[in-house]
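A short worksheet on the structure shown next.
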Amino acid sequence: MPDDVLDKIYDPKTVEEKWMKRWEEDRVFHADARSDRPSFSIVIPPPNVTGSLHLGHALNSTLQDILARWKRMSGYNVLWLPGTDHAGIATQNVVERQLAAEGGKDRHELGREAFIERVWDWKAHSGGTILEQLKRLGASCDWSRERFTMDSGLSRAVQEVFVRLYKEGLIYRHKRLINLCPQCRTALSDIEVEHEDVQGKMYYIKYPLAGDAEAFLVVATTRPETLLGDTAVAVHPDDPRYNALIGKKIKLPLTDRTIPIISDPILVDREKGTGAVKITPGHDFNDEQSGKRHGLEKISLIDWSGETSPWALREEAQVQPDLVKSLSIKSMSKARKIVVKTLEEAGLLIKTEDHTHALGKCYRCKTIVEPFDSPQWFVKVDEQNNSLAKGAIDAVRQKRIRLIPESWEANYFGWMENIEDWCISRQIWWGHQIPVWYCKVCDESDLLAVPGSDELIIASDATPIVGASSCAKCGGTDLVQDPDVLDTWFSSALWPFSTLGWPAELQPDEAGRLEAEAMLKRFYPTSTLVSAFDILFFWIARMIMMGLHFIKEVPFKDVYIHALVRDADGQKMSKSKGNVVNPLDLMAKHGTDALRFTLASMASPGRDIKLAEERIEGYRNFCNKLWNAARFIMMNRPENKAEAHPKSEQTLITRWIQSRLHQSIQSVSRALENYRFDEAAQEIYQFTWHTYCDWFVELSKVDLQRDETRQESYQSLVDIFEETLRLLHPFMPFLTEELWAYFQEGETCLAIAPYPVYDAQKIDSQAKEVVQSVVIDTVLAVRNMRGEMNIPPSETLPLFIKTTEQGIEDQIEKALPYLKRLARLSEVVIGVSVTKPSMAAFATTSYGEIYLPLDEARIRDEVDRLRKRLDKTEKSIEVLGKKLSNKKFVANAPEAIVEKTKMEQQEHLENKERLLGEVNHLQALLSAESGDV
RNA sequence: GGGCGGGUAGCUCAGUUGGGAGAGCGUCGGCCUUACAAGCCGAGGGUCACAGGUUCGAGCCCUGUUCCGCCUACCA
């Protein structure tokens, strides 16, 4: 048991370290695979192993933790499964940079095997950082079930999924244009390309007709360098400017080739550019389509490094020999400069115009991507009768999966309905190597060695051997595995079931199989997925497709989509802008609970979070407030428990605070059920600070001083405080757990104590009404008078209360001690026949008028105060009067509204009379006085 | 080009089915009232982006305009 005296100020540091350790040691967050209690499961969006905690993670994890802790306390068997993603390209980049910095061998010199070993070393050494940081945030994950996307179990799942999809015809290998990142030297899927508007130029180029030195066409392009790979020029068949030229030939500038002028009404828009389009099937996705329609040759000018290939320039593109040398082994942007200059010198460049257009960049390294023709593996998403996309669309449309907020559905449908096949092969080493082999004998000619290394390139017509250990043709077993690895998102798409042990039948032993079956049964489908919107397509949509396809059930029921955290100016945080705020710094500075509470209270749906540090300070103060409330209670603890009085009857104050508490419990529960973390946080804040501390504690000070109420009052302070701690725990786990320990005799952690449940019987509306009108409203009225007239609290005053009816007097009598203390009154005179002192401030309450006697010096202040009130009252009378004199309002508005308005108006009018009378009265006193002088 | 979200107090944001706008921080005034000065008490502050419309009544519903942000797109 801790000491009885708390420090004046809450110090989060030691508390946080202590409890994270304790929770883990006591296995408080352990999920039971065989429990009969209802399940609640969340899989964490696995952060990259390379990652370190940023505010996005902090928000994401805080929200998940609030749900997990709330459900755990509510009696659920909670699984919050943690883990990390191997993040293929990102991680490989990190280790490659490290190799470069060390100045040793690069990965090609090292060789594939050694390099991968090196990445594992790196992972063992620094891959756990982010999970440690999540622990510091208080994340109540079942840390014994941590997973990694390249664990043996998850890798088995990946292989199984690949093989099955291949056999179902939903995975295929095909040569076509893909997005190449020359920096990462790998293919990217469409959504891994970010588009950015850049200020570029539009080039208008003369394309001379073959065999006619004078005649030419003008084409417009933003990428003149690709003209070397043109294999046709297209015009619209209905375009009178050009249709006569269809079938004629162009003498392609800078090359020795002639290319046809073709008709393509699909590709060509007569309004755009010059109406004549150069077609480069090897470097443009649309042109590739057009080329396919017309059987055009596809010329690729570049290789995997994104640089021009001398062989391709010479043999394929037939670039003029004197140009080949200067154009060889150049990036496309360098090639552009050379091509433009050459065209200019040849008089073929007519003009250039400024032109903004979107440029594709790699989402990992921001390098400009190039369309590149190469064989790749694809997942067939939009297959008619076995459509992964269709199932995923239906699941959301039929509300088997709920997107929250619902507005994301439109985005989801929009993307899913226009989805393209998913390129899943990557030309990197770190990742799940594609489980496909080729026969070294039968496919010898298709296995192309990369010069100077043991690496291979597999030609597009090689025959894949999938799910078999020998060649189907020759029966040979001398096989070689496909060198590509799978897109990182392929394995994360399986995360909701691969982490639970799927496929159970492939577990290495019987115990593993049983455990996997139990886990899948208990926890799949998972309950809620909490994620930022930026990976809706990368991850969420693909999990839905895979989950439905392989488990035949949705992977989660609710998807809560939260916003992005931005800096105080609304800018996206990024390393390059240097505006990244490190949550760990904020936690160290203000305490983890303060940061968590801030994030939760700002998480209103459909809106980005602009994080202002002042806000965190405010909630740090809130932590301190709670801490001091505990301190106050401790200071009033009876010295000796044995001596404590038996519990007396519940006082008015107890009944009132219980009502207020349960009102708040109800609001908080409702808010949490609707994922309104902000509303829940606000409600708790309001109750804790402004109801419990500002009123209840202050009122209790009175009862604590009286023998007959001391015990009851103390008990009530403790009871309500404990409930508050429980209510607050999911938001502020550390502080509440620490304080809980001070009041708990038992050994149970607050983390697994029952969450408060709303009980309608605890609502005592009479107690609520009495405390509100007799105590609170009266105190507020007196405080207002004092405040407006700057009467210091040290100056106690008498108060006269003139009640309108007899019965209320008893109640006021009972409330007198509270009134006296909270309003700083010396004495109180009550009665129907109380007359107003001549010099007094006055206010109206629901049970009558109150008067605060004044000395002459303050009369002028009172007149000012009354005038302000009179002003407001008159304004209200005017507005309401207009409304009531509007016949249409009286005729059309609901009766209740009209009645309410009339009553309000009545009150205002009476009030005005009183105020006016009083102002005149005091005014008269004042002038009489000045007259005397 | 298309789509989505947003514009409410000096700042950051709430505002559930339409019935005279709220919070936190900041500001101003008063308090060391024996839990907390990271506190207590009181006060001031808003043409709800703009313009129309529907309605007895609009921050909320409809139309248009404007500014900001994001997503998306094959515009040579």
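In the text below, chain A, chain B and the rest are named by the order of the sequence lines, each starting its count at 1. On a predicted model such as this, the values are computed, not experimentally measured, just so you know.
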Proximal nucleotide (of A35(B), C71(B), G30(B)) relative to the Phe632(A) side chain: A35(B)
Sugar-phosphate only, base, or nothing, as touched by Cys693(A) at under 4.0 Å among non-hydrogen atoms: base
N-O pairing of Lys13(A) and Asp11(A) below 4.0 Å: no
Ile561(A) side chain reached by Tyr412(A) side chain, heavy atoms, under 4.5 Å: no
Sugar-phosphate, base or nothing in reach of Asp284(A), heavy atoms under 4.0 Å: nothing
Tyr619(A) and Tyr685(A) aromatic centres sub-6.0 Å: yes
Please write out each protein N/O paired with an N/O of nucleotides 43-46 of chain B under 3.5 Å, distance rounded to 0.1 Å.
{"unit_1": "A43(B)", "atom_1": "OP1", "unit_2": "Asn784(A)", "atom_2": "ND2", "d": "3.0"}
{"unit_1": "G44(B)", "atom_1": "OP1", "unit_2": "Lys872(A)", "atom_2": "NZ", "d": "3.3"}

Distance, P atom - from G46(B) to G3(B), rounded to whole angstrom: 38 Å
Phosphate contact (A35(B) OP1 or OP2) by Lys701(A) side-chain N/O below 4.0 Å: yes
Between U8(B) and G1(B) - P atom distance, rounded Å: 26 Å
Side-chain donor/acceptor of Glu683(A) to base of A23(B), under 3.5 Å: no
Sugar-phosphate, base or nothing in reach of Ile266(A), heavy atoms under 4.0 Å: nothing
Sugar-phosphate only, base, or nothing, as touched by His590(A) at under 4.0 Å among non-hydrogen atoms: nothing
Sugar-phosphate, base or nothing in reach of Leu267(A), heavy atoms under 4.0 Å: base
Base-paired stems in RNA chain B, each at least three Watson-Crick or G-U pairs under 3.5 Å: B:1-7 with B:66-72, B:10-13 with B:22-25, B:27-31 with B:39-43, B:49-53 with B:61-65
Nucleotide of G19(B), U33(B), C40(B) approaching Phe889(A) most closely (side-chain heavy atoms): G19(B)
Sugar-phosphate only, base, or nothing, as touched by Ile791(A) at under 4.0 Å among non-hydrogen atoms: nothing
Nearest to side-chain heavy atoms of Lys883(A), which nucleotide of A76(B), G30(B), G19(B): G19(B)
Sugar-phosphate only, base, or nothing, as touched by Val697(A) at under 4.0 Å among non-hydrogen atoms: base
Distance below 4.0 Å between Arg676(A) side-chain N/O and G15(B) OP1 or OP2: yes
Pair Lys201(A) + Asp354(A): basic N to acidic O under 4.0 Å: yes
Atom-to-atom span, CZ of Arg786(A) to C1' of G42(B) - whole angstrom: 11 Å
Asp593(A) side chain reached by Tyr10(A) side chain, heavy atoms, under 4.5 Å: yes
Distance test, side-chain N/O of Trp415(A) to OP1/OP2 of G2(B), below 4.0 Å: no
Protein-nucleotide distance (Asn636(A), atom CG; C36(B), atom C1'), rounded to Å: 14 Å
Integer-rounded Å distance: A35(B) P and Trp695(A) CH2: 17 Å
Touch class at under 4.0 angstrom, heavy-atom based, for Gln289(A) against every strand present: nothing
Between U47(B) and A21(B) - C1' atom distance, rounded Å: 13 Å
Ring center gap for Tyr560(A) and Tyr675(A) short of 6.0 angstrom: yes
Nearest-angstrom distance from the residue atom CD of Glu679(A) to P of G24(B): 16 Å
Sugar-phosphate only, base, or nothing, as touched by Gly618(A) at under 4.0 Å among non-hydrogen atoms: nothing
Protein-nucleotide distance (Glu196(A), atom CD; C71(B), atom P), rounded to Å: 11 Å
Shortest side-chain distance from Glu614(A), nucleotide among A76(B), C31(B), C25(B): C25(B)
Protein-nucleotide distance (Gln705(A), atom CD; U34(B), atom P), rounded to Å: 12 Å
Asn621(A) side-chain N/O to A38(B) phosphate OP1/OP2 under 4.0 Å: no
Nucleotide of G30(B), A73(B), U33(B) approaching Asn790(A) most closely (side-chain heavy atoms): G30(B)
Nucleotide of C71(B), A76(B), G19(B) approaching Lys900(A) most closely (side-chain heavy atoms): G19(B)
Distance, C1' atom - from G19(B) to U63(B), rounded to whole angstrom: 24 Å
Below 4.0 Å: OP1/OP2 of C4(B) and any side-chain N or O of Ser407(A): no
Side-chain touch Leu725(A)/Leu626(A), heavy atoms, less than 4.5 angstrom: yes
A73(B) phosphate, OP1 or OP2, under 4.0 Å from His357(A) side-chain N/O: no
N or O in side chain of Lys8(A) less than 4.0 angstrom from C36(B) OP1/OP2: yes
Separation between the P atoms of C28(B) and U33(B), rounded to whole Å: 22 Å
Proximity to the side chain of Met202(A) - top-ranked nucleotide from U34(B), G30(B), A76(B): A76(B)
Donor-acceptor contact present, side-chain Asn628(A) to main-chain Arg631(A), <3.5 Å: no
Check: Lys625(A) side chain, C36(B) base, donor-acceptor under 3.5 Å: yes
Closest to the Ser604(A) side chain, choosing from G19(B), A14(B), C71(B): A14(B)
Minimum-distance nucleotide (side-chain atoms of Tyr685(A) versus C36(B), G24(B), C56(B)): G24(B)
Separation between the C1' atoms of A9(B) and U27(B), rounded to whole Å: 11 Å
Touch class at under 4.0 angstrom, heavy-atom based, for Arg783(A) against every strand present: sugar-phosphate
Heavy-atom side-chain proximity of Arg824(A) to Glu795(A) below 4.5 angstrom: no
Sugar-phosphate only, base, or nothing, as touched by Asn886(A) at under 4.0 Å among non-hydrogen atoms: sugar-phosphate
Quiz item: cation-pi between Arg783(A) and Trp695(A), 6.0 Å / 45°: yes
Touch class at under 4.0 angstrom, heavy-atom based, for Ala629(A) against every strand present: base
C1' atoms of A49(B) and G5(B), separation to the nearest Å: 15 Å
Output field: ring centroids Tyr363(A)/Phe538(A) closer than 6.0 Å: yes
Sugar-phosphate, base or nothing in reach of Val219(A), heavy atoms under 4.0 Å: nothing
Sugar-phosphate only, base, or nothing, as touched by Gly275(A) at under 4.0 Å among non-hydrogen atoms: base
Which nucleotide in A38(B), G19(B), U33(B) has an atom nearest any side-chain atom of Pro894(A): G19(B)
Short side-chain N/O contact to A76(B) OP1/OP2 from His355(A), under 4.0 Å: yes
U72(B) versus G26(B) - spacing of their P atoms, nearest Å: 40 Å
